[in-house]
Amino acid sequence: MERIIGDKATDNAIADPKLYADPAAFHALFARLRREEPVRWTQPDDYRPFWTVSRHADIMEVERQPEIFLNDPRLTLQTIETEEAVLRFTGGDSHMIRSLVDMDNPDHRNYRGLTQSWFAPPNLKKLEADIGDLAKMYVDRMAGMNGKCDFANDVAVWYPLRVIMTVLGVPPEDEAFMLKLTQELFGATDPELKREEHSADETSKTVEDFFNYFSAMVEDRRKNPRDDVATVIANATIDGKPLGHLEAISYYIIVATAGHDTTSSTTSGGLLALMENPDQMAKLRANPDLLPGAVDEMIRWSTPVKNFFRTAKSDYMLNGQQIKAGDNLLMCYWSANRDEDAFDKPETFDIERKPNKHLAFGYGPHLCLGQHLAKMEIRTLYKELLSRIEHFELDGTPAFTQANFVSGLKRLPIRYKMAG
Ligand code: HEM
């Protein structure tokens with residue numbers, strides 16, 4: 001079967017970081033793709049070609065078959081220039097790091113098993129009080145800001161960072177450095193968040209900084225074990241052997257990075273959605289028991305991880321398209337989460353949505369390891385926000401990051417009134 005070559009403008013738009021900073025334009029384009037070309041051969045300028053998979057059911061079909069659709073070797077949407085910079089940096093390997101998301105079985109199963117129980121709800125209970133204190137601290141901070149702040153930069157970015165760094169064991173004085181590196185890694189295409197020197201090797205430099213920092217941490221936790229995830233990873237063994245250096249450092253990097261930008265984007269995206277839908281805000285204030293469902297809807301709505309790739313190991317027919325072994329498939333979660341076939345009125349922000357089978361945490365064996373932690377964090381912060389702040393409104397124009405992988409609000413100016 002011939003591959004149908006579509007129009008170049010659409011191909012370029014799918015990969016363009018600017019599209020992801022304009023939710024209305026994104027959803028208009030992907031609604032069309034879901035209707036007309038749900039599995040579309042895509043050849044943007046500057047990127048290697050791939051299939052764009054935009055429907056909920058098709059993404060689930062791919063993700064539930066990890067023996068056919070592999071995570072290795074292509075995982076995220078990067079320009080050929082960036083991919084070449086990675087190859088230069090590593091001396092020929094397409095990965096700078098090798099974390100859970102880069103792995104397939106049997107490694108994936110073994111490595112994930114090391115921390116799975118740490119991130120499960122029973123263990124997370126021990127963090128509840130600390131997370132509650134952090135939520136309180138950030139709302140106290142808002143109370144001292146004269147009723148105006150940039151919620152994205154003043155609150156949403158810091159709170160999940162503090163949580164995940166506490167989980168990992170990074171001391172508070174190093175958190176600003178960690179934030180800078182994460183934003184560079186995920187927001188590297190946004191002109192406001194780039195490293196100062198603009199070269200194609202900039203992502204490699206960020207990863208190098210992470211390596212230096214976490215190498216010292218692995219050594220420390222081997223000598224001085226503590227009750228943190230860093231200690232679990234530093235001292236773990238697989239088949240009786242300690243983890244390789246690359247794998248141990250990569251584990252730290254994924255926990256550090258996957259754990260906060262995503263949660264902070266949802267925290268801001270959720271507040272914007274509540275302000276834009278005052279009936280939902282009122283309903284939630286009137287009935288705090290709706291909070292867990294509201295958090296799920298905030299996550300569906302903002303879908304901070306916009307996509308991940310899989311690579312076909314063998315030929316496969318997906319929704320009428322012949323996928324060839326070696327082809328890459330871009331699974332577009334934000335599109336899936338607005339799929340008319342999977343959700344009733346997907347364009348409506350509905351905190352009582354039931355069921356809410358969104359794919360913002362992915363699906364299948366790679367389903368987000370930190371999903372329970374993320375939900376607990378967001379729930380805890382909103383409980384505090386809604387009980388102590390009686391009114392929120394926009395105080396300027398919100399702005400989204402220009403990034404085609406992990407993205408969300410980079411500015412959310414608000415005005416608010418504390419209760420009492
Ligand atoms: C709202 C917040 C979050 C969102 C939307 C999110 C989203 C995702 C997505 C889409 C994946 C890939 C799933 C797949 O391929 O099927 C993933 C994987 C992962 N996430 Fe999250 N995440 C969030 C928060 C967190 C937090 C707080 C952590 C803390 C540790 C975390 C750690 C991870 C890890 C380690 C993986 C890799 C799992 C694997 O490959 O087995 N995430 N996440």
Side-chain angles (χ1 to χ4, degrees), residues 53 56 59-66 69-72 74-76 97-116 118-120 123-124 127 131 156 159-170 182 186 228-230 232-233 247 250-270 295-311 329-334 336-337 358-382 405-408:
V53 184
H56 191 278
I59 293 177
M60 283 177 67
E61 184 172 336
V62 169
E63 289 220 49
R64 74 158 71 92
Q65 302 184 78
F69 296 104
L70 305 180
N71 280 41
D72 191 51
R74 189 180 187 185
L75 196 62
T76 57
I97 61 176
R98 187 159 185 267
S99 77
L100 288 183
V101 273
D102 303 294
M103 292 177 185
D104 293 296
N105 281 333
D107 282 357
H108 177 253
R109 195 183 303 120
N110 289 335
Y111 279 82
R112 183 159 170 136
L114 301 176
T115 56
Q116 179 110 4
W118 211 99
F119 287 104
N123 189 56
L124 294 180
L127 298 174
I131 293 181
Y159 163 72
L161 181 74
R162 289 294 303 262
V163 173
I164 199 65
M165 293 302 148
T166 309
V167 164
L168 193 54
V170 172
T182 310
F186 287 142
D228 56 26
V229 171
V232 175
I233 297 166
E247 284 77 9
S250 302
Y251 221 130
Y252 283 37
I253 295 180
I254 190 160
V255 172
T257 55
H260 75 84
D261 241 23
T262 47
T263 313
S264 76
S265 292
T266 308
T267 305
S268 299
V295 169
D296 258 319
E297 183 66 346
M298 292 176 192
I299 296 169
R300 180 187 77 93
W301 195 250
S302 19
T303 310
V305 179
K306 300 299 186 260
N307 48 58
F308 263 122
F309 273 115
R310 293 293 186 267
T311 296
L329 297 89
L330 187 71
M331 297 177 300
C332 300
Y333 300 125
W334 209 16
N337 286 343
H358 67 72
L359 298 182
F361 289 124
Y363 186 71
H366 288 273
L367 178 71
C368 178
L369 181 68
Q371 63 158 327
H372 301 294
L373 175 63
K375 288 196 247 189
M376 179 173 144
E377 282 176 62
I378 302 167
R379 235 176 20 240
T380 309
L381 182 66
Y382 271 90
F405 172 37
V406 176
S407 66

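Atoms within a ligand are numbered from 1 in the order they appear, just like the ligands themselves.
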Asp104 backbone acceptor or donor facing Asp72 side chain under 3.5 Å: no
Ring geometry between Phe405 and Phe308 (parallel below 30°, tilted from 30 to 60°, perpendicular above 60°): perpendicular
Closest protein heavy atom to atom 1 (C) of ligand 1, given as residue, atom name and distance to 0.1 Å: Thr266 OG1, 3.4 Å
Atoms in ligand 1 flagged as close to Phe119, the criterion being non-hydrogen separation under 4.0 Å: 30 (C)
For Ile164, the ligand 1 atoms whose distance to one of its heavy atoms is below 4.0 Å: 29 (C), 30 (C)
Residue-ligand contact Arg109/ligand 1, heavy atom below 4.0 Å: no
Any side-chain heavy-atom pair of Gln65 and Glu61 under 4.5 Å: yes
Protein residue, atom and distance nearest to atom 40 (O) of ligand 1, heavy-atom basis: His366 ND1, 2.7 Å
Per-atom contacts, ligand 1 versus Glu63 - under 4.0 Å to a heavy atom: 14 (C), 15 (O), 16 (O)
Element-labelled atoms of ligand 1 that are located less than 4.0 Å from some non-hydrogen atom of Tyr333: 10 (C), 14 (C), 15 (O), 16 (O)
Residue Val101 vicinity, atoms of ligand 1 by number, heavy atom under 4.0 Å: 37 (C), 40 (O)
Sidechain-backbone polar pair: Tyr382 side chain, Thr267 backbone, donor-acceptor under 3.5 Å: yes
Numbering as shown, the atoms of ligand 1 that approach Tyr363 to under 4.0 Å (heavy-atom distance): 16 (O)
Leu124 backbone acceptor or donor facing Trp118 side chain under 3.5 Å: no
Value rounded to 0.5 Å, distance of NE2 in His56 from NE2 in His358: 9.0 Å
Element-labelled atoms of ligand 1 that are located less than 4.0 Å from some non-hydrogen atom of Pro304: 5 (C)
Nearest neighbour in protein (non-hydrogen) for atom 12 (C) of ligand 1: Phe308 CE1, 3.4 Å
Sidechain-backbone polar pair: Lys375 side chain, Val295 backbone, donor-acceptor under 3.5 Å: no
Side chain Asp102, main chain Ser99, donor-acceptor under 3.5 Å: yes
Top protein contact for atom 15 (O) of ligand 1, by heavy-atom distance: Arg310 NH2, 2.9 Å
Main-chain N/O of Ile97 paired to Ser250 side chain as donor or acceptor, under 3.5 Å: no
Residue-atom pairs from the protein, N, O or S only, that lie under 2.8 Å from atom 21 (Fe) of ligand 1: Cys368 SG
Listed partners of Glu63 passing side chain to side chain contact (heavy atoms under 4.5 Å, CB included), at least two apart: Ile59, Arg310, Met331, Tyr333, Tyr363
Backbone N/O of Leu359 and side chain of Asn337: donor-acceptor pair under 3.5 Å: yes
Expected output: side-chain Thr303 to main-chain Arg300 donor-acceptor under 3.5 Å: yes
Nearest-contact summary for atom 5 (C) of ligand 1 - protein heavy atom, Å: Ala360 O, 3.5 Å
Atom indices of ligand 1, in the order listed, that fall short of 4.0 Å to a heavy atom of His108: 39 (C), 40 (O), 41 (O)
Heavy-atom donor-acceptor pair, Tyr252 side chain to Ile233 backbone, under 3.5 Å: no
